[in-house]
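So that the names make sense, note that chain A is the first sequence line, chain B the second, and so on, each numbered from 1.
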Number of protein chains: 2
Amino acid sequence: MKLPSERELSEQHSTTRVTIREALKLLETEGLIYRENRRGWFISPPKLRYDPSVHGRVSFVDYARQQGFQPSTQLLSIKLTVADRYIASEMQIAVGKPVYQVNRLRSLDGRPVLYEQMLLRADLLPNLDRFDLEGSLHALLRSEYKMTVQKADFEISVSILPNDVAQALAAPMGVSSLKFQRKYRNQHGEIFEFDHELWRHDAISINFDINN
Amino acid sequence: MKLPSERELSEQHSTTRVTIREALKLLETEGLIYRENRRGWFISPPKLRYDPSVHGRVSFVDYARQQGFQPSTQLLSIKLTVADRYIASEMQIAVGKPVYQVNRLRSLDGRPVLYEQMLLRADLLPNLDRFDLEGSLHALLRSEYKMTVQKADFEISVSILPNDVAQALAAPMGVSSLKFQRKYRNQHGEIFEFDHELWRHDAISINFDINN
DNA sequence: CAGTGGTCTAGACCACGCA
DNA sequence: GCGTGGTCTAGACCACTGC
């Protein structure tokens with residue numbers, strides 16, 4: 001699945017590295033190939049089909065397996081912190097309220113595709129850090145805290161991978177990404193979770209139905 | 001809203017055009033600036049917030065106006081054709097069945113942001129080409145054909161603007177795009193419309209709610 | 001340590017937008 | 001017809017990967 005080196009390609013096509021790189025970047029934007037930082041160019045695997053309407057009910061691991069991928073999750077960090085002005089306003093809580101910040105990395109067949117940052121209200125979910133956070137978070141919230149998702153707000157846009165995230169995904173700077181911003185409300189209408197998900201743009205397609 | 005020329009920028013920053021262009025392309029991928037083919041670089045306006053869950057009920061023109069944009073629609077072409085194998089399979093009709101193909105270009109404040117290709121079953125929507133197709137299509141279907149959307153299937157992914165579409169959007173080759181593929185079913189469960197929408201990636205964010 | 005991708009220089013020519 | 005962006009050449013050095 002690895003392409004020949006850029007120097008090799010430029011000789012084969014009697015052109016220069018600059019030109020070859022431009023062509024490779026077109027294919028990258030198109031989603032056909034991707035890079036791992038300083039390791040080379042690779043053919044992109046098929047996209048994961050992601051259905052936001054079942055999110056919170058069906059776990060990443062389950063639907064990835066259904067589609068023939070070997071998924072894995074790595075907990076990067078968890079810390080107890082407090083809401084700054086931005087977080088407080090988005091989560092509709094007071095500035096200074098305690099929140100857990102959980103960062104995870106998710107991979108398909110060993111390829112990192114998703115960087116997840118989750119902010120969770122610590123007052124509603126005490127001692128969250130004592131649990132195993134590499135599995136399904138929503139299954140955990142259901143079984144340990146009787147917390148279920150009543151409503152989810154999504155905002156999806158195309159942007160760039162921030163530098164730290166690019167590093168975590170072994171991606172070079174400037175790779176485009178699909179950004180999910182998500183808020184979950186529980187049965188009482190409280191926003192208990194506020195997430196940022198950053199996907200490699202070539203790793204995902206979003207599929208869902210709307211009924212009128 | 002126009003940036004200085006690339007040559008000017010490279011002098012100002014004591015570097016070469018190649019390097020400046022790389023930097024500009026980073027900002028382009030990030031969505032902060034955009035190009036119009038051979039006309040220069042411009043600051044990107046705010047994104048249109050698009051809610052797929054109200055699509056079919058609220059028109060492009062209406063929600064664009066609500067957000068302070070001046071929307072416009074241009075009919076590029078309409079023709080009566082027949083379903084090839086791909087279209088037939090996607091629309092669940094027989095190969096050779098008649099379909100209207102409608103192509104439209106939509107702009108915000110004079111900036112082309114969306115290329116729309118719609119395929120509509122001609123047997124269910126006879127003489128569609130006699131109507132004004134620069135307004136809301138679904139309003140037309142409702143009033144003239146008593147056709148309402150019961151269910152909509154979405155597939156959203158990031159890709160590149162195809163060359164002909166890039167040209168229509170006055171975009172250079174290789175600009176990334178957000179692709180919507182959409183199927184509408186009527187009250188009888190028939191797929192009467194199959195769309196491809198290509199958005200400039202920096203012109204749109206998708207916002208919607210899911211209720212469990 | 002050899003080879004890779006990431007970054008950069010200093011030019012060049014062409015096609016097109018604009019006046 | 002001038003200036004623009006789009007494309008290309010022929011090099012270079014560095015930081016890092018993989019052996």
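Spacing between atom CG of A:Leu9 and atom P of D:dT9 amounts to 14 Å, rounded to whole angstrom units. What separates CZ of B:Arg7 from P of D:dG3 is a distance of 10 Å, to the nearest Å. Note: CE (A:Met173) to P (D:dC14) measures 20 Å, nearest angstrom. One atom, CZ of A:Phe42, and another, P of D:dT17, lie 13 Å apart when rounded to the nearest Å. Put simply, CG on A:Asn37 is 12 Å from C1' on C:dT7, counting in whole angstrom units. The interatomic distance linking B:Asn163 (CG) with D:dG6 (P) rounds to 14 Å, in whole Å. The CD-C1' distance, from A:Glu8 to C:dT4, rounds to 11 Å in whole Å. Between the CH2 atom of B:Trp41 and the P atom of C:dG17 there is a distance of 17 Å, rounded to whole Å.
Ring geometry for A:Phe131 against A:Tyr145 counts as perpendicular: the plane angle is over 60°, on a 0 to 90° scale with 30° as the lower cut. In this structure, A:Tyr86 and A:His196 have tilted ring planes: the angle between them lies in the 30° to 60° band. Ring geometry for A:Phe154 versus B:Phe208: interplanar angle under 30°, hence parallel rather than tilted (30 to 60°).
When each of B:Met118, B:Gln117, B:Glu197 is checked for a side-chain contact (heavy atoms from CB on, under 4.5 Å) with B:Arg104, only B:Met118 meets the rule.
Along DNA chain D, the nucleotide closest to A:Ser14 and the one closest to B:Glu36 are compared, and the more 5′ of them pairs with B:Glu36.
At the heavy-atom level, B:Arg38 lies under 4.0 Å from base atoms of the strands shown. Using a 4.0 Å heavy-atom distance criterion, A:Arg35 is classed as a sugar-phosphate-only contact.
At most 12 non-hydrogen atoms from other residues, nucleotides or ligands lie less than 6.0 angstrom from CZ of A:Arg49.
When the side-chain nitrogen and oxygen atoms of B:Arg39 are compared with OP1 and OP2 of C:dC18, one or more of them lie within a distance under 4.0 Å. Listed pair B:Thr15 / C:dT9 meets the phosphate criterion, a side-chain N or O lying under 4.0 Å from OP1 or OP2. Phosphate proximity of C:dT4 to A:Ser5: present, with a side-chain N or O under 4.0 Å from OP1 or OP2.
Taking a cutoff of 4.0 Å between a charged side-chain nitrogen and a carboxylate oxygen, B:Lys183 and B:Asp153 do not qualify as a salt bridge.
A heavy-atom distance below 4.5 Å is not found between the side chains of A:Leu114 and A:Leu198.
Across residues 17-30 of chain A, A:Arg17, A:Val18, A:Thr19 each have a non-hydrogen atom less than 4.0 Å from an atom of DNA chain D (numbered order).
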